[in-house]
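A short worksheet on the structure shown next.
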Amino acid sequence: MSNAAFNKRRSLNKKERRKQQVALQIGTIVAVVSLIVLILIITAIIKKTHSNSQASESENTQNDLYVADQPELDVQLLTINPYSRPGTALEQVNGIVVHYTANPGTSAIQNRNYFEGLKDGTGTSASSHFIIGLEGEIVQCVPCNEVAYASNDRNDDTISIECCIEDEEGKFNGNTYESLLHLVTWLMGRYDLTTDDVIRHYDITGKMCPKYYVENPEAWEKFKQDLANYIVLHGVKKESTENMQ
């Protein structure tokens, strides 16, 4: 074999070995990436299963408990009138509706006084059973056994809660949020409701209320999980539904 032919064959062999090395490297990378993807998928499945298990366990636990401790209420009932407190009996409570005031920086008592002023006949009908302020104060405007004008078609079977907000974002601050957890879980125990019975105004009419918790549905889901956790942490054993009414 001539030197030229030998060198050509040697060059071809080097190229072939190089191709094999590249192919081996690519195969190794593909195998590693596939393994990483498989590990991530398995981890995600395990986390989801664990999360579902925790949620199921939390739900089962909360079904055996209720929050007996009534939150501190500033009872400032509205005057009975056609526009904000009609005095109509609320015979059955099937849900709790969370709202936001949509007027940043105002207090619970200011919003209560707005509802009171509607009795003079401005043409607007509005009210709520409770208003939670920026400091966590809870003002009760309408008795729980009466209808409030807050939740449209669900006025006749729900308790309504308005929450004050600091800014246009509409997220409840820590004080408001904690009082909301306490109030809602106490009402859940009182009326034998579950977290599925706690809804947003949006869920009834499609209105952007409470704004932040419509625009951020994951925050709403977290709130409902926080309700379940609150019951587990602060609840007492159910003995008789009669004791909760």
Say whether, by atom type as modelled, one donor and one acceptor occur between the side chain of [X] and the main chain of [Y] under 3.5 angstrom.
X: Arg112; Y: Leu77; result: yes
X: Asp192; Y: Met188; result: no
X: His182; Y: Asp69; result: yes
X: Glu169; Y: Asp167; result: no
X: Asn155; Y: Val147; result: no
X: Thr176; Y: Gly136; result: no

**Asked** Do other residues, nucleotides or ligands put more than 12 heavy atoms under 6.0 Å from Asn145 CG?
**Response** yes

Report whether [X] and [Y] are members of the same hydrophobic cluster (ILVMFWY, side-chain heavy atoms less than 4.5 Å apart, transitive linking).
X: Val198; Y: Val97; value: no
X: Phe115; Y: Ile161; value: no
X: Tyr191; Y: Ile138; value: yes
X: Leu65; Y: Val67; value: yes
X: Leu73; Y: Val98; value: yes

Output the distance between atom [atom1] ([X]) and atom [atom2] ([Y]), rounded to the nearest 0.5 Å.
X: Lys222; Y: Asn216; atom1: NZ; atom2: CG; result: 12.5 Å
X: Glu146; Y: Ile159; atom1: CD; atom2: CD1; result: 10.5 Å
X: Asn94; Y: Asp197; atom1: CG; atom2: CG; result: 7.5 Å
X: Thr101; Y: Ile132; atom1: OG1; atom2: CD1; result: 11.0 Å
X: Thr195; Y: Asp226; atom1: OG1; atom2: CG; result: 11.5 Å
X: Ile199; Y: Trp220; atom1: CD1; atom2: CH2; result: 8.0 Å

**Request:** Verify side-chain contact (heavy atoms from CB on, under 4.5 Å) between Tyr230 and Val184, making sure each step is shown before the conclusion.
**Result:** CA-CA 10 Å; Tyr230 192 95; Val184 170; over 6 Å; no

**Request:** Sort out for me which residue in Tyr177, Tyr213, Phe172 forms a ring-ring contact (aromatic ring centres under 6.0 Å, His included) with Phe223.
**Result:** Tyr177

**Prompt:** Between Ser107 and Glu137, which heavy-atom pair has the shortest distance, and what is it?
**Reply:** CB-OE2, 4.5 Å

**Item:** Smallest separation among heavy atoms of Tyr100 and Met208, with atom names
**Value:** CE2-O, 3.5 Å

**Request:** Run through Ser160, Ser151, Ser128 and flag the one making a side-chain hydrogen bond (donor to acceptor under 3.5 Å, both in side chains) with His99.
**Result:** Ser151

**Asked** Does any non-hydrogen side-chain atom of Tyr66 lie less than 4.5 Å from one of Val236?
**Response** yes

**Message:** Counting C-beta onward and ignoring hydrogens, is there a side-chain heavy-atom pair between Leu193 and Leu187 closer than 4.5 Å?
**Reply:** no

**Message:** When you compare the side chains of Glu116 and Thr79, does any donor N or O come within less than 3.5 Å of an acceptor on the partner?
**Reply:** yes

**Request:** Could you go through the side-chain contact (heavy atoms from CB on, under 4.5 Å) check for Gln140 and Phe130 one step at a time?
**Result:** CA-CA 4 Å; Gln140 183 171 10; Phe130 300 95; 3.6 Å; yes

**Request:** Any chance you could lay out the side-chain contact (heavy atoms from CB on, under 4.5 Å) test for Leu90 and His129, step after step, and finish with the verdict?
**Result:** CA-CA 11 Å; Leu90 180 58; His129 291 92; 4.0 Å; yes

